[in-house]
*Asks:* 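Can you read through this structure? Questions will come right after.
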2 protein chains.
Amino acid sequence: MGSPIYLTIVEDMKQKINAGELKPGDMIKSENTLCDDYNVSRMTVRKSLTVLASEGYIYSVPGKGNFVNEPNQDKYILYFNEMNSIESSIEETELLDVNIVKPTLEILFNLQIPENKRVVVIRRIMINDGDPVAYDIKYIPYYRGMPIVEKEIHYATFPEIVAKKKSLFAINKELKIRVQRPDAEIKAVLNIEDTDPVMAIEQKLLDENSKPIGWGVTYFIGDFFHLQAVSSFVDKSNNIY
Amino acid sequence: MGSPIYLTIVEDMKQKINAGELKPGDMIKSENTLCDDYNVSRMTVRKSLTVLASEGYIYSVPGKGNFVNEPNQDKYILYFNEMNSIESSIEETELLDVNIVKPTLEILFNLQIPENKRVVVIRRIMINDGDPVAYDIKYIPYYRGMPIVEKEIHYATFPEIVAKKKSLFAINKELKIRVQRPDAEIKAVLNIEDTDPVMAIEQKLLDENSKPIGWGVTYFIGDFFHLQAVSSFVDKSNNIY
DNA sequence: TAGTGGTCTAGACCACTAG
DNA sequence: TAGTGGTCTAGACCACTAG
């Protein structure tokens with residue numbers, strides 16, 4: 001009906017794979033055979049195979065054929081943003097201070113900069129219902145004449161702070177997610193006890209050449225924090241109809 | 001040279017977007033105009049646009065044109081597997097017990113089953129260097145004649161346990177990641193103190209109709225646990241060359 | 001050498017948008 | 001009504017695989 005031919009082929013192949021009729025590693029019919037089976041042109045068959053490949057169902061080996069993929073069980077989509085991963089979103093941010101400092105070894109390592117380079121340190125507290133819920137520290141390599149406008153830093157996420165001019169498309173990011181006992185500094189800033197667990201999320205920003213352009217950690221009080229992720233194998237065809 | 005025409009168009013458009021020449025929301029040239037610009041057929045231009053769209057750079061509005069997307073800052077790819085998210089991978093698993101029980105309210109809610117239904121509870125401990133590092137509890141709706149082979153459960157991940165026959169392609173998964181103070185049970189099983197923070201990861205498995213087919217939580221001792229995620233905007237064209 | 005997937009062309013018809 | 005993207009065709013030539 002409204003559904004184009006290439007999508008009915010996609011659904012047909014998915015059904016065969018989901019039912020186990022085609023198993024991981026199996027070679028599927030050749031493109032020309034599929035043309036005959038469905039009575040369509042090769043470009044239409046190839047469109048279907050492109051969709052199946054983009055959703056991870058199949059892969060192709062030039063000269064040989066198309067094969068059913070191993071389902072990637074361990075892959076998830078995660079949404080994170082230091083400003084909205086709190087149970088109820090952040091109402092207020094307090095900018096503690098912005099300083100230009102000599103980097104520690106840890107900072108040198110994470111930003112991959114020479115020893116003599118200075119870094120900008122931005123410290124913020126996220127506040128919810130009047131109480132601190134997260135403590136945020138960010139390090140950015142400092143260059144002469146770098147504009148530091150405190151107002152702009154207040155509510156900005158890390159990529160927004162670093163990528164003032166640069167297109168956000170060009171920034172790659174890495175997250176490290178871990179639990180930790182609060183140290184003295186964190187206990188003081190967040191006003192918590194030894195038994196209050198803290199979620200530490202490290203963010204590293206990289207430019208298009210994988211050079212670090214920013215590094216930082218956000219410490220969330222456990223009670224206010226959780227992350228959600230979904231398997232990346234949800235049937236994306238739902239978005240097409 | 002070896003690089004096909006459609007990829008040089010892709011790189012060209014990416015460069016324009018990364019440089020800010022084309023900004024989010026901007027309409028790009030029409031497909032026919034691009035055909036003239038690059039002196040190629042429309043199918044080749046469309047192949048390029050398909051690649052750009054699949055990588056999130058652009059989207060199309062039929063009847064109007066193609067537009068530059070807002071970069072999705074918050075989207076990450078996360079890899080998780082209760083068996084290998086430990087600093088050093090798990091050497092040993094101890095199956096504490098497998099029982100068939102009356103579900104609690106929490107289990108009823110998460111598995112979306114009627115009150116009179118029974119559930120299988122599987123409790124395991126992950127062991128590293130002789131010490132427990134994680135405590136794992138899984139709930140699966142029980143049906144008459146369900147085979148429960150303890151040997152098969154020992155080292156299997158959750159999807160493997162639930163999806164005995166079913167294709168792994170058909171399973172969707174949801175993760176909830178949170179920090180918590182260890183309760184009495186967790187302290188006893190993992191042999192830890194009140195000040196030892198625990199990472200709790202909830203896993204929910206859903207079939208193709210979004211019906212829950214399994215639910216569980218794994219409690220990791222903080223010291224042995226971390227997750228890593230990368231932004232999903234890494235230039236996938238690297239995989240093509 | 002026959003078969004495979006990868007790229008590309010020059011057309012066609014369609015529904016939709018917006019003046 | 002002119003322009004847009006969406007689908008589809010029937011061809012072509014290519015590099016690569018494997019007997």
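To find a chain, count down the sequence lines: A is the first, B the second, and so on, and within it residues start at 1. As the structure is a prediction and not an experimental result, all values here were calculated from the model.
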*Asks:* Tell me which of Lys47(A) and Pro62(A) sits closer to the 5' end of DNA chain D, going by the nucleotide each one is nearest to.
*Replies:*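 On the 5' side of the pair lies Lys47(A).
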*Asks:* Separation of Ile28(B) atom CD1 from dT4(D) atom P, in whole Å?
*Replies:*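 In whole Å, dT4(D) P lies 12 Å from Ile28(B) CD1.
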*Asks:* Could you check whether Leu49(A) gets within reach of a base, just the sugar-phosphate, or nothing at all, counting any heavy atom under 4.0 Å?
*Replies:*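 Here Leu49(A) touches no strand at all.
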*Asks:* Measure from the side-chain N and O atoms of Asp207(A) to the backbone N and O of Asn209(A), and report whether any donor-acceptor pair falls under 3.5 Å.
*Replies:*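 It does hold such a pair.
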*Asks:* Phosphate oxygens OP1/OP2 of dA18(D): is one of them under 4.0 Å from a side-chain N or O of Lys64(A)?
*Replies:*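 The answer is yes; a side-chain N or O of Lys64(A) sits under 4.0 Å from OP1 or OP2.
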*Asks:* Just wondering, are more than 12 heavy atoms of other shown residues or ligands nearer than 6.0 Å to NZ in Lys29(B)?
*Replies:*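 Incorrect, the count does not exceed 12.
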*Asks:* State whether Ser60(A) places a side-chain N or O below 4.0 Å from either non-bridging phosphate oxygen (OP1 or OP2) of dG6(C).
*Replies:*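 Ser60(A) to dG6(C) OP1/OP2: side-chain N or O found under 4.0 Å.
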*Asks:* Ignoring backbone atoms, establish whether Arg46(A) has a side-chain N or O less than 4.0 Å from OP1 or OP2 of dG6(C).
*Replies:*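 Indeed, a polar side-chain atom of Arg46(A) lies that close.
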*Asks:* Fill in the dot-bracket string of DNA chain D, one character per base: . for unpaired, | for a pair to another strand, ( ) or [ ] for pairs within the strand, taking Watson-Crick or G-U pairs under 3.5 Å.
*Replies:* ||||||||||||||||||.
*Asks:* For the side chain of Asn32(A), counting heavy atoms from C-beta on, which of dG5(D), dT4(C), dT9(D) is nearest?
*Replies:*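 Given the options dG5(D), dT4(C), dT9(D), the side chain of Asn32(A) is closest to dT4(C).
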*Asks:* Does Asn66(B) put a side-chain nitrogen or oxygen below 4.0 Å from OP1 or OP2 of dG5(D)?
*Replies:*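 Indeed, a polar side-chain atom of Asn66(B) lies that close.
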*Asks:* Roughly, in whole Å, what's the span from CG in Leu34(B) to P in dG6(D)?
*Replies:*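 So the CG-P distance, Leu34(B) to dG6(D), works out to 13 Å.
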*Asks:* Within the pair Tyr6(B) and dT7(C), is there a side-chain N or O less than 4.0 Å away from OP1 or OP2?
*Replies:*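 Looking at the OP1 and OP2 atoms of dT7(C), one of them is under 4.0 Å from a side-chain N or O of Tyr6(B).
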*Asks:* Send over the distance from Tyr59(B) OH to dT4(D) P, rounded to a whole Å.
*Replies:*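 Taking atom P of dT4(D) as the reference, OH of Tyr59(B) is at 17 Å.
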*Asks:* So, is Ser41(B) close to the dG11(C) phosphate, meaning a side-chain N or O under 4.0 Å from OP1 or OP2?
*Replies:*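 No, no such contact exists.
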*Asks:* For Tyr38(A) and dC8(D), give me the distance from atom OH to atom C1', rounded to whole Å.
*Replies:*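 These atoms are roughly 17 Å apart.
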*Asks:* Measure CG/Asp36(A) against P/dG3(C) and give the value in whole Å, please.
*Replies:*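 About 12 Å, once rounded to whole Å.
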*Asks:* Kindly point out which of dG11(C), dT7(C), dC8(C) is positioned nearest to the side chain of Met43(B)?
*Replies:*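 Closest of the options to the side chain of Met43(B): dG11(C).
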*Asks:* Without swapping roles, check the side chain of Asp26(B) against the backbone of Lys23(B) for a donor-acceptor pair under 3.5 Å.
*Replies:*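 Present.
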*Asks:* Taking the six-membered ring of Tyr79(B), is NZ or CZ of Lys75(A) closer than 6.0 Å to its centre and within 45° of its axis?
*Replies:*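 Checked: cation-pi criterion not met.
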*Asks:* Taking only the side-chain nitrogens and oxygens of Ser30(B), find out if one of them lies under 4.0 Å from OP1 or OP2 of dG3(D).
*Replies:*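 So the side chain of Ser30(B) is outside the cut-off, no N or O lying under 4.0 Å from OP1 or OP2 of dG3(D).
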*Asks:* I want to verify a distance call: between dG5(C), dG11(D), dA12(C), whose nearest atom is closest to the Glu31(A) side chain?
*Replies:*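 Given the options dG5(C), dG11(D), dA12(C), the side chain of Glu31(A) is closest to dG5(C).
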*Asks:* Please tell me if the side chains of Asn18(B) and Tyr57(B) come closer than 4.5 Å, counting only heavy atoms from C-beta onward.
*Replies:*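 Asn18(B) vs Tyr57(B): side chains touch.
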*Asks:* Return no unless some side-chain N or O of Thr44(B) is found under 4.0 Å from OP1 or OP2 of dT9(C).
*Replies:*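 So the side-chain polar atoms of Thr44(B) do come within 4.0 Å of the phosphate oxygens OP1 or OP2 of dT9(C), strictly under.
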*Asks:* Using atom NZ of Lys29(A) as one end and atom C1' of dG5(C) as the other, report the distance to the nearest whole Å.
*Replies:*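 Whole-Å distance recorded here is 18 Å.
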*Asks:* Could you check whether Trp215(B) and Glu202(B), counting side-chain N and O atoms only, form a donor-acceptor pair closer than 3.5 Å?
*Replies:*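 Their side chains do contain a donor-acceptor pair, which is all the 3.5 Å distance test asks for.
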*Asks:* Considering only NZ, NE, NH1 and NH2 on the basic side and carboxylate oxygens on the acidic side, decide whether Lys138(A) and Asp136(A) come within less than 4.0 Å.
*Replies:*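 Yes.
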*Asks:* Consider the side chain of Arg42(B), meaning its heavy atoms from C-beta on, and name the nucleotide among dA12(C), dC8(C), dT9(D) that approaches it most closely.
*Replies:*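 Taking heavy atoms from C-beta onward, the closest nucleotide is dA12(C).
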*Asks:* Do you know which of Thr33(A), Thr44(A), Asp12(A) makes side-chain hydrogen bond (donor to acceptor under 3.5 Å, both in side chains) with Tyr38(A)?
*Replies:*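 Only one option passes, and that is Asp12(A).
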